[in-house]
Visitor: 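Okay, here's the structure, questions in a sec.
Counting starts at 1 for both ligands and their atoms, following the listed order. Not measured: the values here are computed from a predicted model.
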Amino acid sequence: MSEPVTKVLLSEDEMPTQWYNVIPDLPSPPPPALHPGTLQPAGPDDFAPLFPMALIMQEVSQDRYVDIPGGVIDVYRLWRPSPLFRARRLEQLLDTPARIYYKYEGVSPSGSHKTNTSVPQAYYNHQEGITKLTTETGAGQWGTALAFATAQYGMECEVWQVAASYRSKPYRRTMMQVWGATVHPSPSEVTEYGRSLLAQNPDHPGSLGIAISEAVAMAVADPNTRYALGSVLNHVLMHQTIIGEEALLQLGKLGEVPDVLVGCTGGGSNFGGLAFPFLREKLAGTMNPTIRCVEPAACPSLTKGEYRYDFGDTAGMTPLMKMHTLGHDFIPDPIHAGGLRYHGMSPLVSHIYELGLCEAIAIPQRECFAAALQFARTQGIVPAPEPTHAIAAAVREALACKESGEEKVILTALCGHGHLDLAAYEAYLSGTMVDLDLSEEAVADAMSRVPVIAG
Ligand SMILES: *Cc1c(COP(=O)(O)O)cnc(C)c1O
């Protein structure tokens with residue numbers, strides 16, 4: 001008998017050439033975004049100051065597949081197809097009969113899955129003559145991904161980095177600057193909203209919602225500038241489906257079918273990217289995996305938030321989206337998984353959760369880092385703080401299999417490495433990391449300011 005496989009690689013020719021849009025396959029469509037003034041469904045014109053028309057059309061597309069442009073494939077080939085690993089050494093450590101597979105997106109230039117969407121977003125803007133993109137970044141992964149992508153098409157990039165992260169993660173900022181981006185701490189002196197917040201608190205730690213407000217304000221003020229969002233929206237999740245499409249091919253080569261799929265959810269993009277092609281197969285009846293979202297206990301929008309219309313940003317400038325939310329001005333505690341500190345959830349993932357097509361659990365950060373150490377010490381890769389949540393969920397599942405004796409196939413996305421997040425590991429190793437409980441009062445307070453909308 002041959003040795004069990006350690007990794008499955010695809011050749012460049014085997015790379016999928018289409019993204020998958022799950023919406024036409026769902027039993028009902030997700031509720032539309034609403035214009036915040038009229039409360040009518042937002043139309044393409046409402047988004048035109050923010051996004052290029054090609055992406056707006058993808059946002060509302062009913063096509064099941066969208067061709068990946070050649071100009072995007074050329075850049076994807078710098079790191080795609082990405083490897084699928086079997087975590088054999090972790091399985092041995094856990095003494096589990098389960099087989100654990102992880103799709104590794106840390107091989108991208110910026111070290112996370114975010115380049116799967118930053119590249120097409122920059123590409124479509126460039127095609128429409130846009131010369132500059134603005135965005136926010138929390139942990140810094142999205143900002144670096146967009147800085148890399150804009151550099152590929154000779155565009156400018158201006159990033160608002162959440163102040164707490166700007167101060168604690170100088171290397172992420174430097175990386176953005178290496179690729180030619182301009183970086184501001186948020187709140188910043190550059191926008192009126194930022195100035196108003198700094199006037200109240202000069203040491204304001206910032207939040208993703210605030211940084212989005214600042215980046216949006218700058219984009220709408222300049223006709224040659226648009227805004228780019230790294231998660232949450234339908235077109236972002238669609239770009240990420242290349243992860244799941246590749247994983248399907250890779251597991252297929254082994255004759256494996258997943259029983260359980262787990263992914264960490266901040267805005268839902270790496271989860272959706274991995275899960276949606278498998279959800280297509282589940283809806284078609286060719287496999288029946290349990291699909292599970294994993295969120296931080298300190299920012300649990302799916303498991304503790306309400307499903308209702310809310311703003312995507314703190315200042316209330318974006319269209320209203322129906323999603324699981326903790327309230328648009330809820331400021332999550334500063335957990336180490338900065339990319340999971342978002343008050344809302346992708347409307348598409350929220351809808352799929354409401355339909356009962358996926359489950360969700362929340363895990364506190366110390367359990368996540370304990371699992372990450374087991375993973376790093378066996379598999380070698382030091383995970384980003386966000387996917388430690390997915391790893392912890394995979395470990396829970398593998399240990400349940402040890403109890404029951406079931407030989408389940410577990411699949412997850414290791415959506416980024418943690419080489420620029422070592423301070424989080426230091427906090428864990430030195431014993432200073434604490435589990436931050438969600439403040440029910442803070443959520444109730446923020447929810448009291450969510451607009452009340454029928455439907
Ligand atoms: C941004 C990010 C996340 C959270 O965003 P999702 O849209 O939920 O994927 C998770 N992990 C990594 C490595 C990230 O960069």
Visitor: Report the nearest protein non-hydrogen atom to atom 10 (C) of ligand 1: residue, atom name, distance rounded to 0.1 Å.
Guide: Glu386 CB, 3.4 Å
Visitor: Closest non-hydrogen protein atom to atom 4 (C) of ligand 1, residue and atom name please, with distance?
Guide: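 Nearest protein contact, heavy atoms only, for atom 4 (C) of ligand 1 is Gly339 O, 3.2 Å.
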Visitor: Write down the atom of Pro385, the atom of Ala424, and the distance for their closest heavy-atom approach.
Guide: CG-CB, 4.2 Å
Visitor: Looking only at the aromatic ring of each residue, does the gap between the centers of Tyr428 and His336 stay below 6.0 angstrom?
Guide: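 No - the distance between ring centres of His336 and Tyr428 does not fall below the 6.0 Å cut-off.
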Visitor: Of the backbone atoms (N, CA, C, O) and the side-chain heavy atoms from C-beta on, which set of Thr265 has a member under 4.0 Å from an atom of ligand 1: side chain, backbone, both, or neither?
Guide: backbone
Visitor: Got a salt bridge between Arg86 and Glu91, using NZ or NE/NH1/NH2 to carboxylate O under 4.0 Å?
Guide: yes
Visitor: Look at the rings of Tyr124 and His239 and say which category their plane angle falls in: under 30° parallel, 30 to 60° tilted, over 60° perpendicular.
Guide: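 Ring orientation, 0 to 90° scale: parallel.
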Visitor: Within less than 4.0 angstrom of ligand 1, does His113 place any heavy atom?
Guide: yes
Visitor: Any N or O on Phe271 sitting closer than 3.5 Å to an N or O of ligand 1?
Guide: no
Visitor: Going by the angle between their ring planes, with limits at 30° and 60°, are His328 and Phe311 parallel, tilted or perpendicular?
Guide: perpendicular
Visitor: Taking the basic N atoms (NZ, or NE/NH1/NH2) and the acidic carboxylate oxygens, is any pair closer than 4.0 Å for Glu367 and Arg396?
Guide: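 So Glu367 pairs with Arg396 through a salt bridge.
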Visitor: Using distance alone, determine whether Ala384 and ligand 1 share an N or O pair under 3.5 Å.
Guide: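 Such a contact does not occur with ligand 1.
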Visitor: Which heavy atom of the protein is the closest neighbour of atom 8 (O) of ligand 1, given with residue, atom name and distance?
Guide: Gly266 N, 2.7 Å
Visitor: With atom 9 (O) of ligand 1 as the reference point, say which of Asn270, Val349, Asp421 has the nearest heavy atom.
Guide: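 Among Asn270, Val349, Asp421, the closest heavy atom to atom 9 (O) of ligand 1 comes from Asn270.
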Visitor: Rounded to the nearest 0.5 Å, what separates atom OG1 in Thr137 from atom NZ in Lys169?
Guide: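 One finds 8.5 Å between OG1 of Thr137 and NZ of Lys169.
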Visitor: In the protein, which heavy atom is nearest to atom 15 (O) of ligand 1, and how far is it?
Guide: Lys114 NZ, 2.7 Å
Visitor: Is the number of heavy atoms from other residues, nucleotides or ligands under 6.0 Å of Glu128 CD greater than 12?
Guide: yes
Visitor: Identify, with sequence neighbours excluded, every residue that meets ring-ring contact (aromatic ring centres under 6.0 Å, His included) alongside Phe85.
Guide: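 For Phe85 the ring-ring contact (aromatic ring centres under 6.0 Å, His included) partners, ignoring immediate neighbours, are Tyr102.
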Visitor: Find all atoms of ligand 1 within a distance of less than 4.0 Å from any non-hydrogen atom belonging to Ser112, and give their numbers and elements.
Guide: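 In order of number, 13 (C), 15 (O).
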Visitor: Closer than 4.0 Å to some heavy atom of Gln141 - which atoms of ligand 1 meet that?
Guide: 13 (C), 14 (C), 15 (O)
Visitor: Measure Ser269 to ligand 1 on non-hydrogen atoms and call it side chain, backbone, both or neither using the 4.0 Å cut-off.
Guide: both
Visitor: Kindly write out the residues that satisfy ring-ring contact (aromatic ring centres under 6.0 Å, His included) with His419, not counting sequence neighbours, or none if the list is empty.
Guide: His417
Visitor: I want to know if ligand 1 touches Gly416 in the polar sense, i.e. an N/O pair below 3.5 angstrom.
Guide: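 No, there is no polar N/O contact under 3.5 Å.
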Visitor: Looking at atom 7 (O) of ligand 1, what's its closest protein heavy atom, distance included?
Guide: Ser231 OG, 2.5 Å
Visitor: Need the ligand 1 atom indices (1-based, order shown) with element for anything under 4.0 Å from a heavy-atom of Cys415.
Guide: 10 (C), 11 (N), 12 (C), 13 (C)
